[in-house]
Peer 1: 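Before I ask anything, here is the structure I am working with.
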Number of protein chains: 2
Amino acid sequence: MKSRKLYNRITVLRKERNISRKELAEIIGVNFQTVGYLEREEYNPSLDLAFKISEYFGLPVELIFSTEPLKPLIEEIIELKNKIGGQ
Amino acid sequence: MKSRKLYNRITVLRKERNISRKELAEIIGVNFQTVGYLEREEYNPSLDLAFKISEYFGLPVELIFSTEPLKPLIEEIIELKNKIGGQ
DNA sequence: ATTTTTTGTTGTATATTTACAATTTTTTAT
DNA sequence: ATAAAAAATTGTAAATATACAACAAAAAAT
């Protein structure tokens with residue numbers, strides 16, 4: 001199976017928690033360069049690794065990883081505000 | 001990284017849709033034996049493959065795959081009914 | 001400014017996933 | 001009961017993810 005390119009928000013989420021790649025890597029139990037590869041979207045994680053990341057951030061997989069390029073979080077917020085406000 | 005064993009509900013979901021492994025395999029674009037390996041939980045999918053399966057069934061990844069053994073769907077329903085009824 | 005920490009890059013080795021083929025067993029249909 | 005279809009099993013090859021090391025570049029701290 002030719003794997004599609006996947007997008008993710010690891011960098012932003014990690015920055016919001018103020019931890020380094022090295023720290024995140026230790027928490028999820030991978031080499032710190034592996035986090036680098038993931039953040040640069042040079043390869044896709046296994047489902048198990050995706051789960052570990054999702055568990056650490058306390059977020060569903062779909063909010064972190066996507067088959068479509070991910071909008072900045074701030075844009076997502078604005079869209080949600082519009083949706084609610086426009087009812 | 002030593003990968004944890006993951007559990008999934010592919011077999012049940014597939015049966016509910018009345019399709020064979022071969023058909024599912026064609027839809028998600030993998031070899032039909034690969035579906036077999038996944039259903040027998042002999043190995044974990046990549047995140048991309050998990051996404052393809054989740055897209056086909058129209059369900060979030062977390063409802064199909066889990067790090068914990070998955071209860072039969074019927075039990076989930078009963079638990080949800082109890083939760084709602086007991087308010 | 002310079003030291004320290006973090007991030008990026010490159011290359012190689014290992015582990016895991018996926019493909020594919022051939023055969024056996026089980027289930028379903030007739 | 002028999003045939004046909006589906007699923008399981010086994011083995012090998014390929015592709016991809018992950019580990020790890022060494023070094024360069026960039027950012028942050030002092």
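For the numbers below, each heavy atom of this structure counts, side chains included, while hydrogens, waters and symmetry mates do not. Each chain gets a letter, A, B and so on, in the order the sequences are listed, and its residues count up from 1.
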Peer 1: Any residue in residues 41-66 of chain B with a heavy atom nearer than 4.0 angstrom to DNA chain C? Just list them by number, or reply none.
Peer 2: B/Y43, B/N44, B/P45, B/S46, B/L49

Peer 1: In whole angstroms, how far is the C1' atom of D/dA5 from the CD atom of B/E23?
Peer 2: 11 Å

Peer 1: If I take atom OH in residue A/Y37 and atom P in nucleotide C/dT6, what distance separates them, rounded to the nearest angstrom?
Peer 2: 20 Å

Peer 1: Roughly, in whole Å, what's the span from CD1 in A/I10 to C1' in D/dT18?
Peer 2: 14 Å

Peer 1: Looking at C/dT6, D/dA19, C/dT18, which one has an atom nearest to any side-chain atom of A/S20?
Peer 2: C/dT6

Peer 1: For the hydrophobic clusters of this structure (ILVMFWY residues joined by side-chain heavy atoms under 4.5 Å, transitively), does one cluster hold both B/L70 and B/Y37?
Peer 2: no

Peer 1: Find the distance A/E26:CD to C/dT5:C1' and express it as a whole number of Å.
Peer 2: 14 Å

Peer 1: Please check the phosphate of C/dT16 (OP1 and OP2 only) for any side-chain N or O of B/S3 closer than 4.0 Å.
Peer 2: no

Peer 1: May I ask you to say whether A/K81 pairs ionically with A/E75, meaning some side-chain N is under 4.0 Å from a carboxylate O?
Peer 2: no

Peer 1: Let's test this: given Watson-Crick or G-U wobble pairing with both distances under 3.5 Å, identify the partner of D/dT30.
Peer 2: C/dA1

Peer 1: Given D/dC20, D/dA7, C/dA21, which nucleotide is nearest the side-chain atoms of B/Q33?
Peer 2: C/dA21

Peer 1: Polar pairs (N or O, both sides) under 3.5 Å between protein and nucleotides 24-28 of chain C?
Peer 2:
none

Peer 1: Please compare B/G29 and A/G36 by the position of their nearest nucleotide in DNA chain C and report the one closer to 5'.
Peer 2: A/G36

Peer 1: Quick one: which of D/dA19, C/dA19, C/dT9 gets closest to the side chain of A/M1?
Peer 2: C/dA19

Peer 1: Please state how far atom CG in A/L6 lies from atom C1' in D/dT16, giving the value in whole angstrom units.
Peer 2: 13 Å

Peer 1: Would you indicate which nucleotide in D/dT18, C/dA19, D/dT9 comes nearest to any side-chain atom of A/T34?
Peer 2: D/dT18

Peer 1: Please determine whether residues B/L59 and B/F51 belong to a single hydrophobic cluster, defined as Ile, Leu, Val, Met, Phe, Trp and Tyr linked transitively by side-chain heavy-atom distances below 4.5 Å.
Peer 2: yes

Peer 1: Between P on D/dA26 and CD on A/E39, what's the gap in Å once rounded to a whole number?
Peer 2: 18 Å

Peer 1: Is it true that the NZ or CZ of A/R17 lies under 6.0 Å from the centre of A/Y56's six-membered ring and within 45 degrees of the ring axis?
Peer 2: yes

Peer 1: On the six-membered ring of B/Y7, is B/R9 placed so that its NZ or CZ lies under 6.0 angstrom from the centre and within 45° of the ring axis?
Peer 2: no

Peer 1: Among C/dC20, D/dT16, D/dT18, which nucleotide has an atom closest to any side-chain atom of A/K2?
Peer 2: D/dT16

Peer 1: Is the distance from OP1 or OP2 of C/dT18 to the nearest side-chain N or O of B/N31 less than 4.0 Å?
Peer 2: no

Peer 1: To the nearest Å, give me how far apart CG (A/N18) and C1' (D/dA29) are.
Peer 2: 15 Å

Peer 1: Of the nucleotides C/dT7, C/dC20, D/dA7, which one has an atom closest to the side chain of A/F32?
Peer 2: C/dT7

Peer 1: Can you get from A/L24 to A/Y43 by hopping between Ile, Leu, Val, Met, Phe, Trp and Tyr side chains that sit under 4.5 Å apart?
Peer 2: yes

Peer 1: Can you tell whether the side chains of A/E79 and A/K83 come within less than 4.0 Å, N to carboxylate O?
Peer 2: no

Peer 1: Are OP1 or OP2 of D/dA6 and a side-chain N or O of B/R14 less than 4.0 angstrom apart?
Peer 2: no

Peer 1: Do NZ/NE/NH1/NH2 and the carboxylate oxygens of B/R14 and B/E23 come within less than 4.0 Å?
Peer 2: no

Peer 1: Would you mind reading off the distance between B/L38 atom CG and C/dT16 atom P, rounded to a whole angstrom?
Peer 2: 16 Å

Peer 1: For a quick test of reading the model, state the closest non-hydrogen atom pair linking B/E39 to B/N8 and the distance between them.
Peer 2: CA-OD1, 4.4 Å

Peer 1: Consider only side-chain heavy atoms of I, L, V, M, F, W and Y, link residues closer than 4.5 Å, and tell whether A/F57 and A/L38 are in one cluster.
Peer 2: yes

